[in-house]
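Before any comments, here is the structure.
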2 protein chains.
Amino acid sequence: MRPFVHPAIEDVQPEAILHALSDPNRAAIFAKIMTAGCVEACSAVSALGDRVIPKSSLSTHFKVLREAGLIRSERHGVEMRNHSRWDEVEARFPGLLAAIINAYAAEAGAGPCRSGA
Amino acid sequence: MRPFVHPAIEDVQPEAILHALSDPNRAAIFAKIMTAGCVEACSAVSALGDRVIPKSSLSTHFKVLREAGLIRSERHGVEMRNHSRWDEVEARFPGLLAAIINAYAAEAGAGPCRSGA
DNA sequence: TTCGTTAGTTCCGAAGTTCCGAACTATGGG
DNA sequence: CCCATAGTTCGGAACTTCGGAACTAACGAA
(Lines give C-alpha, C1' and ligand atoms only; values in the text may rest on other atoms or scores of the structure.)
Protein backbone atom coordinates (compact mmCIF):
# COMPACT_ATOMS: atom_id res chain seq x y z
CA MET A 1 0.00 0.00 0.00
CA ARG A 2 1.96 2.89 -1.23
CA PRO A 3 1.17 6.33 0.18
CA PHE A 4 -1.25 8.54 -1.69
CA VAL A 5 -0.03 10.52 -4.66
CA HIS A 6 -1.38 14.02 -5.16
CA PRO A 7 -0.32 16.03 -8.17
CA ALA A 8 0.94 19.55 -7.63
CA ILE A 9 -1.74 21.98 -8.67
CA GLU A 10 0.48 23.13 -11.53
CA ASP A 11 0.44 19.62 -12.94
CA VAL A 12 -3.31 19.29 -12.90
CA GLN A 13 -4.69 18.88 -16.41
CA PRO A 14 -8.15 19.97 -17.51
CA GLU A 15 -8.64 16.74 -19.43
CA ALA A 16 -8.06 14.74 -16.25
CA ILE A 17 -10.64 16.79 -14.39
CA LEU A 18 -13.20 16.43 -17.16
CA HIS A 19 -12.52 12.74 -17.43
CA ALA A 20 -12.84 12.26 -13.69
CA LEU A 21 -16.13 14.14 -13.53
CA SER A 22 -17.57 12.67 -16.73
CA ASP A 23 -18.53 9.64 -14.68
CA PRO A 24 -21.77 10.38 -12.84
CA ASN A 25 -20.71 8.25 -9.89
CA ARG A 26 -17.51 10.17 -9.47
CA ALA A 27 -19.28 13.47 -9.96
CA ALA A 28 -21.74 12.48 -7.24
CA ILE A 29 -18.90 11.44 -4.93
CA PHE A 30 -17.13 14.72 -5.52
CA ALA A 31 -20.29 16.75 -4.98
CA LYS A 32 -20.92 14.81 -1.80
CA ILE A 33 -17.41 15.40 -0.51
CA MET A 34 -17.99 19.09 -0.86
CA THR A 35 -21.51 19.38 0.46
CA ALA A 36 -20.73 17.09 3.37
CA GLY A 37 -18.21 19.53 4.73
CA CYS A 38 -15.19 18.62 2.66
CA VAL A 39 -14.41 15.53 4.71
CA GLU A 40 -15.80 12.14 4.06
CA ALA A 41 -14.88 8.56 4.76
CA CYS A 42 -14.75 6.31 1.74
CA SER A 43 -17.40 3.94 3.03
CA ALA A 44 -19.79 6.81 3.66
CA VAL A 45 -20.45 7.14 -0.04
CA SER A 46 -20.85 3.47 -0.79
CA ALA A 47 -24.48 4.01 -1.63
CA LEU A 48 -25.18 6.79 -4.10
CA GLY A 49 -28.80 7.15 -4.92
CA ASP A 50 -30.06 3.60 -4.85
CA ARG A 51 -27.00 2.02 -6.33
CA VAL A 52 -24.41 0.12 -4.33
CA ILE A 53 -20.87 0.50 -5.59
CA PRO A 54 -18.42 -2.29 -4.78
CA LYS A 55 -15.43 -1.41 -2.64
CA SER A 56 -12.95 -2.05 -5.39
CA SER A 57 -14.74 0.28 -7.77
CA LEU A 58 -14.99 2.89 -5.08
CA SER A 59 -11.30 2.66 -4.42
CA THR A 60 -10.62 3.22 -8.10
CA HIS A 61 -13.02 6.16 -8.23
CA PHE A 62 -11.23 7.85 -5.35
CA LYS A 63 -7.92 7.19 -7.01
CA VAL A 64 -9.11 8.82 -10.22
CA LEU A 65 -10.40 11.87 -8.36
CA ARG A 66 -7.16 12.08 -6.39
CA GLU A 67 -4.91 11.79 -9.43
CA ALA A 68 -7.00 14.33 -11.31
CA GLY A 69 -6.13 16.77 -8.52
CA LEU A 70 -9.71 17.15 -7.33
CA ILE A 71 -9.39 15.74 -3.83
CA ARG A 72 -6.77 15.20 -1.19
CA SER A 73 -6.81 11.98 0.82
CA GLU A 74 -5.16 11.18 4.13
CA ARG A 75 -5.16 8.02 6.13
CA HIS A 76 -6.48 8.48 9.64
CA GLY A 77 -6.01 5.22 11.41
CA VAL A 78 -7.90 2.64 9.46
CA GLU A 79 -9.96 5.20 7.61
CA MET A 80 -9.33 7.52 4.74
CA ARG A 81 -10.41 11.13 4.83
CA ASN A 82 -10.97 13.09 1.70
CA HIS A 83 -11.35 16.74 1.23
CA SER A 84 -11.76 18.70 -1.92
CA ARG A 85 -9.01 20.82 -3.43
CA TRP A 86 -11.62 23.30 -4.64
CA ASP A 87 -9.66 26.41 -3.72
CA GLU A 88 -6.56 25.33 -5.55
CA VAL A 89 -8.44 24.15 -8.61
CA GLU A 90 -10.55 27.29 -8.58
CA ALA A 91 -7.42 29.43 -8.60
CA ARG A 92 -6.02 27.54 -11.56
CA PHE A 93 -9.21 27.03 -13.58
CA PRO A 94 -11.67 29.68 -12.45
CA GLY A 95 -15.31 28.71 -12.58
CA LEU A 96 -14.68 25.22 -13.89
CA LEU A 97 -15.80 23.15 -10.94
CA ALA A 98 -18.76 25.37 -10.12
CA ALA A 99 -20.01 25.15 -13.70
CA ILE A 100 -19.69 21.37 -13.74
CA ILE A 101 -21.39 20.80 -10.39
CA ASN A 102 -24.08 23.24 -11.46
CA ALA A 103 -24.62 21.42 -14.72
CA TYR A 104 -25.21 18.13 -12.92
CA ALA A 105 -27.53 19.83 -10.47
CA ALA A 106 -29.45 21.50 -13.30
CA GLU A 107 -29.86 18.19 -15.04
CA ALA A 108 -31.14 16.46 -11.93
CA GLY A 109 -33.57 19.23 -11.12
CA ALA A 110 -34.78 20.32 -14.54
CA GLY A 111 -35.34 17.09 -16.41
CA PRO A 112 -38.28 17.10 -18.85
CA CYS A 113 -39.67 13.89 -17.36
CA ARG A 114 -40.43 15.13 -13.88
CA SER A 115 -43.79 13.72 -12.98
CA GLY A 116 -44.95 16.39 -10.60
CA ALA A 117 -43.52 19.51 -12.23
CA MET B 1 -25.04 6.84 -44.60
CA ARG B 2 -27.84 7.69 -42.32
CA PRO B 3 -28.56 11.36 -41.71
CA PHE B 4 -27.01 13.10 -38.73
CA VAL B 5 -28.62 12.72 -35.34
CA HIS B 6 -28.69 15.71 -33.03
CA PRO B 7 -30.13 15.41 -29.57
CA ALA B 8 -32.71 17.94 -28.45
CA ILE B 9 -31.09 20.38 -26.06
CA GLU B 10 -33.31 19.02 -23.29
CA ASP B 11 -31.76 15.60 -23.75
CA VAL B 12 -28.18 16.80 -23.53
CA GLN B 13 -26.41 15.31 -20.51
CA PRO B 14 -23.55 16.95 -18.65
CA GLU B 15 -21.66 13.67 -18.51
CA ALA B 16 -21.75 13.42 -22.31
CA ILE B 17 -20.37 16.94 -22.64
CA LEU B 18 -17.59 16.28 -20.14
CA HIS B 19 -16.77 13.00 -21.78
CA ALA B 20 -16.67 14.59 -25.23
CA LEU B 21 -14.40 17.40 -24.10
CA SER B 22 -12.18 15.24 -21.88
CA ASP B 23 -10.34 14.22 -25.02
CA PRO B 24 -7.82 16.94 -25.91
CA ASN B 25 -8.28 16.31 -29.63
CA ARG B 26 -12.01 16.79 -29.40
CA ALA B 27 -11.61 19.82 -27.18
CA ALA B 28 -9.24 21.32 -29.75
CA ILE B 29 -11.68 20.56 -32.56
CA PHE B 30 -14.50 22.14 -30.62
CA ALA B 31 -12.45 25.22 -29.78
CA LYS B 32 -11.45 25.51 -33.40
CA ILE B 33 -15.03 25.26 -34.62
CA MET B 34 -15.88 28.20 -32.44
CA THR B 35 -12.90 30.42 -33.06
CA ALA B 36 -13.03 29.75 -36.82
CA GLY B 37 -16.45 31.34 -37.07
CA CYS B 38 -18.60 28.44 -36.01
CA VAL B 39 -18.35 26.72 -39.37
CA GLU B 40 -15.67 24.32 -40.35
CA ALA B 41 -15.21 21.50 -42.81
CA CYS B 42 -14.14 18.23 -41.31
CA SER B 43 -10.91 18.03 -43.29
CA ALA B 44 -9.92 21.51 -42.19
CA VAL B 45 -9.07 20.21 -38.75
CA SER B 46 -7.26 17.10 -39.85
CA ALA B 47 -4.03 18.48 -38.49
CA LEU B 48 -4.21 19.68 -34.91
CA GLY B 49 -0.95 20.96 -33.65
CA ASP B 50 1.55 18.70 -35.36
CA ARG B 51 -0.46 15.56 -35.14
CA VAL B 52 -2.32 14.05 -38.07
CA ILE B 53 -5.58 12.38 -37.17
CA PRO B 54 -6.87 9.64 -39.46
CA LYS B 55 -10.16 10.25 -41.20
CA SER B 56 -11.94 7.47 -39.39
CA SER B 57 -10.96 8.81 -35.99
CA LEU B 58 -11.96 12.29 -37.04
CA SER B 59 -15.33 11.03 -38.15
CA THR B 60 -15.81 9.40 -34.75
CA HIS B 61 -14.72 12.55 -32.91
CA PHE B 62 -17.29 14.61 -34.79
CA LYS B 63 -19.90 12.02 -34.04
CA VAL B 64 -19.14 12.16 -30.32
CA LEU B 65 -19.30 15.96 -30.30
CA ARG B 66 -22.54 15.85 -32.25
CA GLU B 67 -24.19 13.27 -30.03
CA ALA B 68 -23.08 15.13 -26.93
CA GLY B 69 -25.09 18.08 -28.23
CA LEU B 70 -22.07 20.33 -28.69
CA ILE B 71 -22.16 20.81 -32.45
CA ARG B 72 -24.63 20.68 -35.28
CA SER B 73 -23.52 19.17 -38.59
CA GLU B 74 -25.05 19.53 -42.02
CA ARG B 75 -23.99 18.07 -45.29
CA HIS B 76 -23.33 20.67 -47.95
CA GLY B 77 -22.67 18.85 -51.15
CA VAL B 78 -19.69 16.67 -50.53
CA GLU B 79 -18.63 18.52 -47.41
CA MET B 80 -19.83 18.61 -43.87
CA ARG B 81 -20.30 21.89 -42.05
CA ASN B 82 -20.24 22.06 -38.33
CA HIS B 83 -21.25 24.84 -36.09
CA SER B 84 -21.33 24.97 -32.37
CA ARG B 85 -24.53 24.83 -30.34
CA TRP B 86 -22.96 27.18 -27.79
CA ASP B 87 -26.07 29.32 -27.30
CA GLU B 88 -28.31 26.38 -26.58
CA VAL B 89 -25.81 24.67 -24.30
CA GLU B 90 -25.09 27.95 -22.56
CA ALA B 91 -28.78 28.43 -21.85
CA ARG B 92 -29.03 24.97 -20.36
CA PHE B 93 -25.69 24.81 -18.51
CA PRO B 94 -24.59 28.39 -17.93
CA GLY B 95 -20.86 28.98 -17.89
CA LEU B 96 -19.95 25.35 -18.53
CA LEU B 97 -18.43 25.61 -21.98
CA ALA B 98 -16.67 28.88 -21.30
CA ALA B 99 -15.06 27.45 -18.17
CA ILE B 100 -13.88 24.34 -20.01
CA ILE B 101 -12.47 26.18 -23.01
CA ASN B 102 -10.84 28.61 -20.61
CA ALA B 103 -9.29 25.81 -18.63
CA TYR B 104 -7.69 24.32 -21.73
CA ALA B 105 -6.48 27.75 -22.81
CA ALA B 106 -5.04 28.43 -19.36
CA GLU B 107 -3.19 25.14 -19.45
CA ALA B 108 -1.78 25.75 -22.91
CA GLY B 109 -0.69 29.26 -22.07
CA ALA B 110 0.76 28.61 -18.64
CA GLY B 111 2.57 25.37 -19.27
CA PRO B 112 6.09 25.22 -17.84
CA CYS B 113 7.51 23.44 -20.90
CA ARG B 114 6.61 25.75 -23.77
CA SER B 115 9.65 25.94 -25.98
CA GLY B 116 8.82 28.75 -28.35
CA ALA B 117 6.41 30.83 -26.31
C1' DT C 1 -23.72 8.24 -68.55
C1' DT C 2 -19.46 6.76 -66.96
C1' DC C 3 -15.04 7.65 -64.85
C1' DG C 4 -12.26 9.98 -61.46
C1' DT C 5 -11.68 12.68 -57.43
C1' DT C 6 -12.76 14.38 -53.03
C1' DA C 7 -15.13 14.04 -48.47
C1' DG C 8 -16.78 11.32 -45.03
C1' DT C 9 -18.67 6.81 -43.03
C1' DT C 10 -18.61 2.04 -41.72
C1' DC C 11 -16.43 -2.28 -40.64
C1' DC C 12 -13.53 -4.88 -37.90
C1' DG C 13 -9.43 -6.40 -35.40
C1' DA C 14 -5.93 -4.82 -32.10
C1' DA C 15 -5.03 -2.22 -28.07
C1' DG C 16 -6.51 -0.01 -24.09
C1' DT C 17 -9.82 0.99 -20.23
C1' DT C 18 -13.28 -0.03 -16.81
C1' DC C 19 -15.84 -2.97 -13.79
C1' DC C 20 -16.14 -5.91 -9.89
C1' DG C 21 -15.32 -10.29 -7.12
C1' DA C 22 -11.64 -12.45 -4.58
C1' DA C 23 -7.51 -12.21 -2.24
C1' DC C 24 -4.56 -9.17 0.05
C1' DT C 25 -2.57 -5.37 3.33
C1' DA C 26 -2.87 -2.18 7.21
C1' DT C 27 -4.64 -0.54 11.54
C1' DG C 28 -6.88 -1.09 15.93
C1' DG C 29 -9.17 -3.77 19.73
C1' DG C 30 -9.64 -7.92 22.70
C1' DC D 1 -2.03 -13.44 18.52
C1' DC D 2 -6.59 -13.42 16.39
C1' DC D 3 -10.37 -10.99 14.62
C1' DA D 4 -12.84 -7.14 12.54
C1' DT D 5 -12.91 -3.15 9.76
C1' DA D 6 -11.31 -0.09 5.91
C1' DG D 7 -9.26 0.11 1.82
C1' DT D 8 -5.97 -1.71 -2.05
C1' DT D 9 -4.46 -4.80 -5.60
C1' DC D 10 -5.04 -8.58 -8.86
C1' DG D 11 -7.05 -10.62 -12.80
C1' DG D 12 -10.46 -11.78 -16.11
C1' DA D 13 -14.71 -10.41 -18.59
C1' DA D 14 -17.03 -6.63 -20.85
C1' DC D 15 -16.76 -2.43 -22.93
C1' DT D 16 -14.50 1.47 -25.56
C1' DT D 17 -11.28 3.57 -28.62
C1' DC D 18 -8.00 3.69 -32.46
C1' DG D 19 -6.96 3.40 -37.20
C1' DG D 20 -6.41 0.99 -41.79
C1' DA D 21 -9.16 -0.77 -45.65
C1' DA D 22 -13.22 -0.85 -48.02
C1' DC D 23 -17.34 1.56 -48.88
C1' DT D 24 -20.83 5.43 -50.15
C1' DA D 25 -22.20 10.09 -51.78
C1' DA D 26 -21.68 14.29 -54.48
C1' DC D 27 -19.68 16.67 -57.99
C1' DG D 28 -17.00 17.71 -62.45
C1' DA D 29 -15.05 16.39 -66.84
C1' DA D 30 -15.19 13.84 -70.97
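Convention: sequence-line order gives letters A, B, ...; per-chain numbering from 1.
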Evaluate A:Leu70 against A:Trp86 for side chain to side chain contact (heavy atoms under 4.5 Å, CB included), listing each step before the verdict. CA-CA 7 Å; A:Leu70 288 168; A:Trp86 179 287; over 6 Å; no
To the nearest 0.5 Å, what is the distance between OG (A:Ser22) and CD1 (B:Ile17)? 12.0 Å
Between N or O atoms, less than 3.5 Å apart, protein on one side and nucleotides 2-7 of chain D on the other: list the pairs.
residue : atom : partner : partner atom : Å
D:dA6   : O4'  : A:Val78 : O            : 3.4
D:dG7   : OP1  : A:Cys42 : N            : 3.2
D:dG7   : OP1  : A:Met80 : N            : 3.3
D:dG7   : OP2  : A:Ser43 : N            : 3.1
D:dG7   : N7   : A:Lys55 : NZ           : 2.5
D:dG7   : O6   : A:Lys55 : NZ           : 2.8

Rounded to the nearest angstrom, tell me the gap between atom CG in A:Leu58 and atom P in D:dT8. 9 Å
Please find the pair of heavy atoms, one from A:Arg85 and one from A:Gly69, that lie closest to each other, and give the distance. CD-O, 3.3 Å
Measure the shortest side-chain to side-chain distance between B:His83 and B:Met34 over non-hydrogen atoms and say whether it is less than 4.5 angstrom. no
In whole angstroms, how far is the P atom of C:dT18 from the CD atom of A:Glu67? 11 Å
Separation of C:dT27 P from A:Glu74 CD (nearest whole Å): 15 Å
Mind pulling the stems DNA chain D is in, i.e. runs of at least three Watson-Crick or G-U pairs, everything under 3.5 Å? C:1-30 with D:1-30
Quick one: do A:Glu15 and B:Arg26 make a salt bridge, cutoff under 4.0 Å? no
Measure the shortest side-chain to side-chain distance between A:Leu21 and A:Leu97 over non-hydrogen atoms and say whether it is less than 4.5 angstrom. yes
A:Glu67 vs A:His6, side chain to side chain donor-acceptor pair (under 3.5 Å): CA-CA, chis, key distance, verdict: CA-CA 6 Å; A:Glu67 296 186 348; A:His6 297 96; over 6 Å; no
Criterion side-chain contact (heavy atoms from CB on, under 4.5 Å) against A:Phe4, the qualifying member of A:Arg72, A:Lys63, A:Met80: A:Met80
Between CD1 of B:Ile71 and P of C:dG8 the distance, given in whole Å, is 12 Å
Looking at side-chain heavy atoms only, is the closest gap between B:Thr35 and B:Phe30 below 4.5 Å? no
Identify all pairs in which a protein N or O lies below 3.5 Å from an N or O of nucleotides 13-20 of chain D, and state each distance.
residue : atom : partner : partner atom : Å
D:dT17  : OP1  : B:His19 : NE2          : 3.0
D:dG19  : OP2  : B:Ser57 : OG           : 3.2
D:dG19  : N7   : B:Ser56 : OG           : 3.2
D:dG20  : N7   : B:Ser56 : OG           : 3.2
D:dG20  : O6   : B:Ser56 : OG           : 3.2

Any heavy-atom pair between the side chains of A:Ile71 and A:Ser73 that's under 4.5 Å? yes
